[in-house]
Structures are given as C-alpha cells and as structure tokens.
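First comes the structure, then the notes that go with it.
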Amino acid sequence: MEVKHESLISVIVPIYNAESYLRQCIDSILKQTYEQLDILFVDDGSTDSSGKICDEYRALDPRVRVIHKRNEGLMKARKTGVNYAKGDYVTFVDADDWIEPNTYLSMLKNNKGCDVIICGIYRYYSPEDIKQELPGYKEGYYHRQSIHVQMLPDMLWKKEINKWNLDPSLCTKLFKKELLFEEFEHADGMDCYFGEDTVIFFPLMLRVNTIQILSQSYYYHRQRRKGEIPPYIQDENFFDRIYQVYQYLKGEFIKLGYWNIMKNQLEHFYLNALEQKRVCYEEASGKLQPVFPFWMIPKGAEVVLYGAGKVGKAYVKQNERNHFCRIILWTDQDCQNIHVPGYYVEHPEKIKDVNYDYIVIAIDIRETAAKVKEDLKRYGVSDRQIIWHSIRQSSF
C-alpha cells in the first residue's frame, strides 16, 4: 500500500575518520523507501578518506549536501547539521551505524504531527549477536500530561532495571526541527562526548507536547569489541567533562521546575557513568566501590573529609587523581589509631578551627553517617554544608 507523506526529513551524519564503515552507513540512508530526505554529511575535519567518500556520494544524489569543517567534536558537528537542516523533522545516523530500508517510512506511517517519534534500537556485536532494545513505555501517543505522569518519574533512570527507561540516543528519533534547534542553542558551548545525547534529549522531554512511541527497531548501533575501553572513557578529562554534563542538566532541570523529580535519577545516571570509568584503574572489580560525590560539590570547593576508613581513603585517592576539590582537613573520631602515609588525620573537634565550604561524610553505613550528621550540626554546621552519599543507598 502506498503511503503519501509531505514531511521532509533532514538526516544528519556527523563524520570523523569513519572510512571503514561509512559506505555501509550512507548506502543504508540512500536506499530508504521514504525518499523525501535532506541528507547532510558533516565532515568534522577527517584526516582519512571520509571527506572524499562524502563528495563522491554528493555527485551521485542531489539530496546529499556535504559540509567540510575543522574538527570540533560531535556536539559541534551535530549542531552544524541542525543549523543547515531544511527538514520538518531532523534525525541522526552515526557514521559507523546503519538503518533498515523502511526506517523513515515506518516511523512516519501513522504520524499525527507529534513533536518526537521514538523507536527502538539494535545493539550489533556481530551477525550472530544482535540485541534489540525497545523503549520502556507502551506503544502509542502521549500528550503533555501523560508524558509528565508516565515518563518523567523514571525516564532518565529506572532503579528496577538499573538503567534509563528511555534511551537518549538522538539516532532513534525524529524531532521537529524547531525543538531540536532550541535545545542545541541552549547547550551551545558544551564540550562532551559521553552524555552528548543526554544533554539534548532529556531537557527536550520536559518541553515537548506530543510523543509517539513505536515498539519496533530500525537502527543498528555497532558495538565495540568486548573488553575494549572507549576513548572517551580513557580521556584524562573524563571527570571534568562528566561534571560539566551533570551541572548543565541540573541547571536545566532546576530552570524548568523539575529538579525534585529528576534529582535522584540524575545522580544514579552519573554513578553509572563513574562505574564505567573504573575499568581504567587497577582496582577495577565486579564489586561496588565508594565513589567521591563530586556531582554534589562545586569543583574546587574547600572540603573537610570526615572518616578515614575504607571510604575516606578511597575518596582521598580519587581526589588526588582527579582534583575534585581541596581537602583542607581530614578527621576521624579514632584519629589516634589511624596512620595514612603522607596524611595527618585529626579529631573532628578541629572542624571548629577551619573555614570550609562543605563537609563530606566518608562513611558507607546510613545509620552511622546520620549520627555523624547530628554531631556536626551540634558543631554549628548547616544542613546544606553536609554531604553524604552511598553507592548502595540514597543521599540524606
């Protein structure tokens, strides 16, 4: 049955040194059964043959446009594509991925003019190992009220499955151009790789009026070999970048009036990000390890660390590596029996003699930490200055 559509879709492909997979990606777009496409290849300063491959395809298909630019990273490449897009809807395909021939025809088949149309994704490890992931909500149409009631409470993080309930990938969605343009304008200046979909998608979800969920998958996301650590995880600036993402999202959620409902979701999301970084360190293991609560403290703040046991020592070690803050005092009730080479642990009473921004309680057990908090309040420490988080339990 022939289905007629009038919507022009801009398909943006950010490209950087992707010559090995690029032809498969481009061919899958050009072979779409839905032909009303505006195809933009954004060559982000490639040093291999990617740019030449893009120019070859431009000569073959009038729908193809190529933008050659200096290398500035994925966020800038995507934003450039959105700025040049002509479509009513905008979507993305990463240069090492590909899509099924009927992707856009299927996504628009029953379109009612929704702001966002969302489908599932295939995680491609090998021809014999392909895993399908579908949105965590039932197929159908959602208006603003149902989005807020059914999706917002767990879209960024669902504790029962220990992951997001709505994959933030921009590649499995069609967005009305004006909405996407506004989000990239808001996020202008962000320098991130891990979380680049997240900073666009979740704030946008707080602004949309209508969404269509599809319980089918059309997009193939090529996975790295098992055991291979992604470059963005190995990046020595990983913690700086992830902190920037956290701060940006926190600011957006507060500005839009959704911080109460998004706070715990955001914390769980970034705890998961930190766990991925752990594989770069010698202490990597399958066990949960203490993680310094950097997302709760402005970078560079002056901090008193309370607790010199396993958690406290882990916090100090992590701070040495990544410079979250300046630890001006390390205290513990049992300070006389604690010896850490290169450090001097003092009694908590010393807190009265120093100026600090925050006190971080480095204790994993909630009941013990709660007692310490009460002791600190008797010293005159305010609630807002007391920071505690356990990877196994929620914050105070």
Side-chain angles (χ1 to χ4, degrees), residues 2-16 18 21-46 50-69 72 74-119 169-185 187-188 196-197 200-201 204 208 210 212 214 218-220:
E2 182 180 353
V3 181
K4 294 183 179 180
H5 298 286
E6 297 181 356
S7 298
L8 179 66
I9 300 176
S10 289
V11 183
I12 299 169
V13 185
I15 299 163
Y16 178 72
Y21 304 114
L22 187 54
R23 292 186 186 277
Q24 181 185 15
C25 171
I26 294 176
D27 288 340
S28 75
I29 298 170
L30 298 185
K31 291 177 181 177
Q32 287 297 299
T33 53
Y34 188 88
E35 296 183 349
Q36 288 185 233
L37 301 179
D38 166 42
I39 305 168
L40 292 95
F41 301 149
V42 183
D43 174 25
D44 191 37
S46 295
S50 295
K52 292 181 180 179
I53 293 172
C54 292
D55 291 336
E56 286 178 23
Y57 280 95
R58 176 172 53 187
L60 297 174
D61 195 313
R63 298 174 299 173
V64 172
R65 291 184 286 154
V66 180
I67 301 168
H68 296 287
K69 60 184 290 295
E72 294 179 287
L74 181 60
M75 282 285 286
K76 289 285 188 183
R78 284 179 167 176
K79 185 176 189 291
T80 299
V82 173
N83 288 344
Y84 280 89
K86 299 176 181 178
D88 306 293
Y89 283 98
V90 176
T91 189
F92 302 86
V93 180
D94 287 342
D96 54 351
D97 298 337
W98 71 97
I99 54 178
E100 292 188 350
N102 64 332
T103 298
Y104 302 131
L105 184 64
S106 300
M107 293 183 76
L108 283 179
K109 185 174 182 180
N110 297 309
N111 181 33
K112 296 181 179 179
C114 290
D115 293 334
V116 184
I117 303 170
I118 302 172
C119 70
S169 171
L170 303 186
C171 297
T172 58
K173 300 162 183 71
L174 298 179
F175 299 92
K176 281 191 174 177
K177 181 190 171 178
E178 60 270 19
L179 288 170
L180 200 61
F181 178 83
E182 290 177 9
E183 288 304 329
F184 274 96
E185 285 295 304
D188 191 37
E196 76 282 352
D197 295 278
I200 297 297
F201 179 65
L204 185 147
V208 298
T210 54
Q212 182 182 3
L214 303 175
Y218 309 103
Y219 188 95
Y220 287 84

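Because only heavy atoms are used, hydrogens play no part in the values below, and waters and symmetry mates are left out as well, while side chains stay in.
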Is the positively charged end of Arg78 above the ring of Phe92, judged by distance under 6.0 angstrom from the centroid and angle within 45° of the axis? yes

Would a distance-only check, ignoring hydrogens and angles, find a side-chain to backbone donor-acceptor pair under 3.5 Å from Gln32 to Leu105? no

Side-chain donor/acceptor of Lys86 to backbone N/O of Asp38, under 3.5 Å: no

Under 30°, 30 to 60°, or over 60°: which ring-plane class applies to Phe201 and Phe175, parallel, tilted or perpendicular? perpendicular

With Asp115, which residues qualify under side chain to side chain contact (heavy atoms under 4.5 Å, CB included), at least two apart? Lys176, Leu179, Val208, Asn209, Thr210

Donor-acceptor pair, side chain of Asp94 and main chain of Pro14, under 3.5 angstrom: no

Taking Glu35's backbone N and O only, do any of them form a donor-acceptor pair with Arg63's side chain (distance below 3.5 Å, no angle check)? yes

Once rounded to the nearest 0.5 Å, what's the spacing between atom CG of Asp61 and atom CD1 of Ile39? 5.5 Å

Is a donor on one side and an acceptor on the other found under 3.5 Å between the side chain of Asp43 and the backbone of Ser46? yes

Between the main-chain N or O of Ala18 and the side-chain N or O of Ser50, is there a donor-acceptor pair closer than 3.5 Å? yes

Sub-4.5 Å side-chain heavy-atom contact between Val93 and Cys171: no

Do other residues, nucleotides or ligands put more than 12 heavy atoms under 6.0 Å from Lys69 NZ? yes

